[in-house]
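The figures that follow rest on heavy atoms only: side chains count, while hydrogens, waters and symmetry mates do not. All values reported here derive from a predicted model rather than from experimental measurement. Both counts, for ligands and for their atoms, begin at 1 and track the order of listing.
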Amino acid sequence: MAEERTGKRRLAPEDIYEIALVSDAQISPDGQRVAFVRTVLDRERNDYRSSIWLVDVAGGEPVRFTTADARDSFPRWSPRGDRLAFLSNRSGKDQVWLISLGGGEAQQLTRFPEPVTHFAWSPDGTTLAVVTKAETAEPPEKEPEPETDVVRITRIRYRSDGTPGFLDEKRSHIWCVPVDGGRPWQVTSGDFDESWPAWSPSGHEIAFVSNRTPDREYNTVSEIWAVRASGGEPRPVATGDAAYFFKPVWSPDGTVLAFTGHREPFAGSSRNHQLWAVAAGGGEPASLTSALDRSVEDEVLTDTAASSKPGPIWAPDGRWIYTQVSDQGNVHLYRIPAGGGEPQLVVGGRRRVVDFSLSADGSLIACTVSEPLNPCDVIVCSADGSGERRLTRVNEEFFATVELSEPEEVWLPSASEDRRPIHAWIMKPIGFREGVRYPLVLEIHGGPHAMYGNVYFHEFQLLAAQGYAVLYTNPRGSQGYGQQFLSCTRGAWGEADMPDLMGAVDAVIERGYIDPSRLGVTGGSYGGFMTNWVIGHTDRFKAAVTQRCVSNLASFYGTSDIGFHFGEHEIGGTPWEQPELYRRLSPLTYAPQMKTPLLILHSEQDYRCPIEQAEQLYVWLKKLGRTVEFVRFPDESHGLSRSGKPKHRVERLQHILRWFAEYL
Ligand SMILES: CSCC[C@H](NC(C)=O)C(=O)N[C@@H](C)C(=O)N[C@@H](CO)C(=O)O
C-alpha cells in the first residue's frame, strides 16, 4: 500500500479545506516587499475568507497584514509605497479600504451603495479611479423597499452567470475618489458599462474599456476609450465594430496605449488574444504579437486557484511590455519589445504564471505561480527572469502529509486520419504496481477554447488517490497550440475533437497497465458536452459523469447568457438558419444510442449552461430506461467546482467518486 511505503495518506475530497490559495502578488514600488492575498475555505461558515499578507523580498516568514474576518482582496500599493488600498466586504459589499504600512487599522475609503469591482491609483497617489454601478457616492439613508419581485426584461443580455445573475438597468461607471478627503466625482456616465481604468502618466486622463457602439445590445465589441480625469466627453482610442480590446496600459511617456484582444469580436474566445499598441491620441492599432500565434491571456483551467486580474505591464524604461502567454499547457511571462521585435521569455517552466507585478524601477518581478504538485506560491525574480526565488511555501506542510500522483506530460496520436500528436497528461493511480491493470478516467476540458496544463487539479489527484489512472488532453479547439488548431472545432463540436480523445485513450491502453473494460469519462461545460457526445458515439466507456453540460444546442442558444453570440459563432449560424446542423451537433440527438451509466451534476443557477440542458438529458435517458441519476446543486452557478460553496464542492467530488466506485 502507498501509505505503508511513504507514510503519507491519500487525498480526500475534504482536503480542499486544507489548501490555502495565494494570489495577486503585488511587489512594493521600492521592491522590498510583496503583498498578496491568502484565501482559505471556512468549513464552519461554508464560505471563503481572504486576507492580505506581506512577505519580504529578502526572505523570511510571510506575515498577515489585514486581520478582519472578511474577504479582503486586490491589494494595490500607493505610488509612494506607504499604504495599500484593497477591496473588502467588511461593511457588506466590496468597497475600497486603505491601510498604512506604518501601522494602524484599515480605514474604509468608499461607501458606494453598490460594490466596487476595480480601482487604480492616480500617478500622484491623491486619487483612486474606481469602477462601480453606484449612481451616488453614499448609500441612501434607508434602502428603498422594492415595489415588486417581478422581473421585467427588455434586453437580450438580461442575465450573466455568477454574481449577480440577473442584470439590472444600472451601468458600471468610473468614479474618482480623493484619497485624503473630498467628494468623489463621477467621470463617465450613460448607457454603457465601463471597466479597467488606467491613468495616463500625467494623471490628466483615464483610459478604460467600454462598448459605445450603437449596436452594443447585440454585438460583443469591446473598445478602448479615454476621458479627462475631471470628467467630460470620452474620446475614442481604439474603437469600432472590429474592436475586441481589453486591459489598456499607458507607455511611461504617455504617448502610446497597449492593450490585449483581437479584431473579431464575434469570435470571442476562439481567437488568440494579441498585444496591441496604438498612439495615445487614437488611430489604427498594431499587433505586437501577431508572429507569436499564442494568446496573451491565461487560458488554463483548474479547480484550485483564487482569481486575480493581471493585465499587461509596461516597463518603466518604455522598452518592454510584460504579459502572460498561454503556451502548450503552460502560462508563461513574456516581455514584448514595445517597438516591435522578438518576444522574450521571462518566467517559463512547466507551470502557470497566475499573476505578476513589477517594482517601480522595473528591476524586480513578483509572480504567483502554480505547478502540477503545488497549487500556488509567490516567487520573485529579476526583470529578465534571472535569480528566481520562492518567497512562500504556503501548502508545503499539508502536501508533505498526502501522496500525490505526478502527471506525465506526453504527446499521443489522434485517431483522426492525420494522426496528429495531441498533448496529454497521464496520472498513474496512487499505489501503482507493475503488472496490475487499472481503470482509467478520461477528463475532458471545457471552453472548448481553454486548455488543461501544468497546474494542480484537485479532482484529478482525488481520482488518482482512489486508484484510477487519469488522462487529460488538449484536443483540437484547445488554446495554446496556435490559431489553426484553435479554430478546428468551429461548426464541428464533437466531430473534430472526439478522435483526438479516443486516440489518446487507445495510446494509454497500449501502455499495458489500463483495463480497457474499465474506462470512465467526465468533463464540465463544453467538457460535459463532450462527455455526452462521447457516450452517444461509443459504448466503450463503462461509466460517465457529465457536469454543467450542454446537451441541446438549440435551447442553449436561447437560454445561455452567451448562447446568442458564442453559440452562434461556434456552431456557424442561428438555430433557424441551420436547424439540421444544430440537430446533428446536439448530444441529445444521440440519446437513444447512450448506454453508459450516466451521472448528471448541474447547478440550479447555472446561467452559462442552464440546468434545462441537464433536465432534458435526464428525462430522455430515464424514459429510454437507461441508468442515469441527476444531482442538482441549489444556489450555485456555473463555477461550482471552482468557486461554489465549500460544502457543495466537497459533495460534488463525493458524487463523482461514488459513481465511478459503483459503475467503474
Ligand atoms: C466569450 S464567450 C466564451 C465562452 C466560454 N469559453 C471559455 C474558453 O471559457 C465558456 O464559458 N464556455 C463554456 C461553454 C465552457 O465550456 N466553460 C468551461 C471553461 O471555462 C468551464 O469549465 O466552465
A.B. asks: Suppose I only count heavy atoms of Gly446 and a 4.0 Å limit; which atoms of ligand 1 are within that range?
C.D. replies: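 Reading through ligand 1 atom by atom, the close ones are 16 (O), 18 (C), 19 (C).
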A.B. asks: Tell me the nearest of Gly639, Gly523, Gly447, Ser525 to atom 9 (O) of ligand 1, using heavy-atom distances.
C.D. replies: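 Among Gly639, Gly523, Gly447, Ser525, the closest heavy atom to atom 9 (O) of ligand 1 belongs to Gly447.
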A.B. asks: Just by distance, do the side chain of Gln613 and the backbone of Asn552 share a donor-acceptor pair under 3.5 Å?
C.D. replies: yes
A.B. asks: With a cut-off of 4.0 Å, which atoms of ligand 1 are near a heavy atom of His449?
C.D. replies: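 Going through ligand 1 atom by atom, the ones under 4.0 Å from His449 are 8 (C).
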A.B. asks: Which bit of Arg642 gets closer than 4.0 Å to ligand 1, counting heavy atoms only: side chain, backbone, both or neither?
C.D. replies: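 Within the 4.0 Å criterion, Arg642 contacts ligand 1 through side-chain atoms alone.
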A.B. asks: Arg548: heavy atom below 4.0 Å from ligand 1, yes or no?
C.D. replies: yes
A.B. asks: Identify the protein heavy atom lying closest to atom 1 (C) of ligand 1, giving its residue, its atom name and the separation to 0.1 Å.
C.D. replies: Tyr244 OH, 3.9 Å
A.B. asks: Please check if the side chain of Ser326 supplies one atom and the backbone of Glu299 the other of a donor-acceptor pair under 3.5 Å.
C.D. replies: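 Judged by distance alone, yes, a pair lies under 3.5 Å.
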A.B. asks: Rounded to the nearest 0.5 Å, what separation is found between the NZ atom of Lys133 and the OG1 atom of Thr117?
C.D. replies: 9.5 Å
A.B. asks: Run Arg216 and Asn211 through side chain to side chain donor-acceptor pair (under 3.5 Å) and show every step you take.
C.D. replies: CA-CA 6 Å; Arg216 60 189 171 278; Asn211 179 356; over 6 Å; no
A.B. asks: Applying the salt bridge (Lys or Arg N to Asp or Glu O under 4.0 Å) criterion to Asp298, which one of Lys247, Arg352, Lys309 satisfies it?
C.D. replies: Arg352
A.B. asks: Hey, what's the ring geometry for Trp493 with Phe529, parallel, tilted or perpendicular (30° and 60° as the breaks)?
C.D. replies: perpendicular
A.B. asks: Does only the side chain of Arg608 get under 4.0 Å from ligand 1, or the backbone, or both, or neither? Count heavy atoms.
C.D. replies: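 It is the side chain that touches ligand 1; the backbone stays farther off.
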A.B. asks: Considering only protein heavy atoms, which is closest to atom 20 (O) of ligand 1, and at what distance to one decimal place?
C.D. replies: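 The closest heavy atom on the protein side is Leu301 CD2, 4.0 Å.
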A.B. asks: Under 4.0 Å, heavy-atom basis, I'd like to know which part of His638 is in contact with ligand 1: side chain, backbone, both or neither.
C.D. replies: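 Contact part for His638 vs ligand 1: side chain (C-beta onward).
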A.B. asks: Which bit of Tyr526 gets closer than 4.0 Å to ligand 1, counting heavy atoms only: side chain, backbone, both or neither?
C.D. replies: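 It is both parts that get close, each with some atom under 4.0 Å.
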A.B. asks: What residue and atom, counting heavy atoms only, is the protein's closest point to atom 2 (S) of ligand 1, and at what distance?
C.D. replies: Phe566 CD1, 3.8 Å
A.B. asks: Please check if the side chain of Trp425 supplies one atom and the backbone of Leu471 the other of a donor-acceptor pair under 3.5 Å.
C.D. replies: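 No; judged by distance alone, with no hydrogens or angles, the pair does not exist.
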A.B. asks: Output, in order, the C-alpha distance, side-chain angles, deciding distance and verdict of salt bridge (charged side-chain N to carboxylate O under 4.0 Å, His left out) for Asp500 and Arg476.
C.D. replies: CA-CA 7 Å; Asp500 295 350; Arg476 262 163 260 235; 2.8 Å; yes
A.B. asks: Among all the protein's non-hydrogen atoms, which is closest to atom 3 (C) of ligand 1, and how far away is it?
C.D. replies: Ser269 OG, 3.6 Å
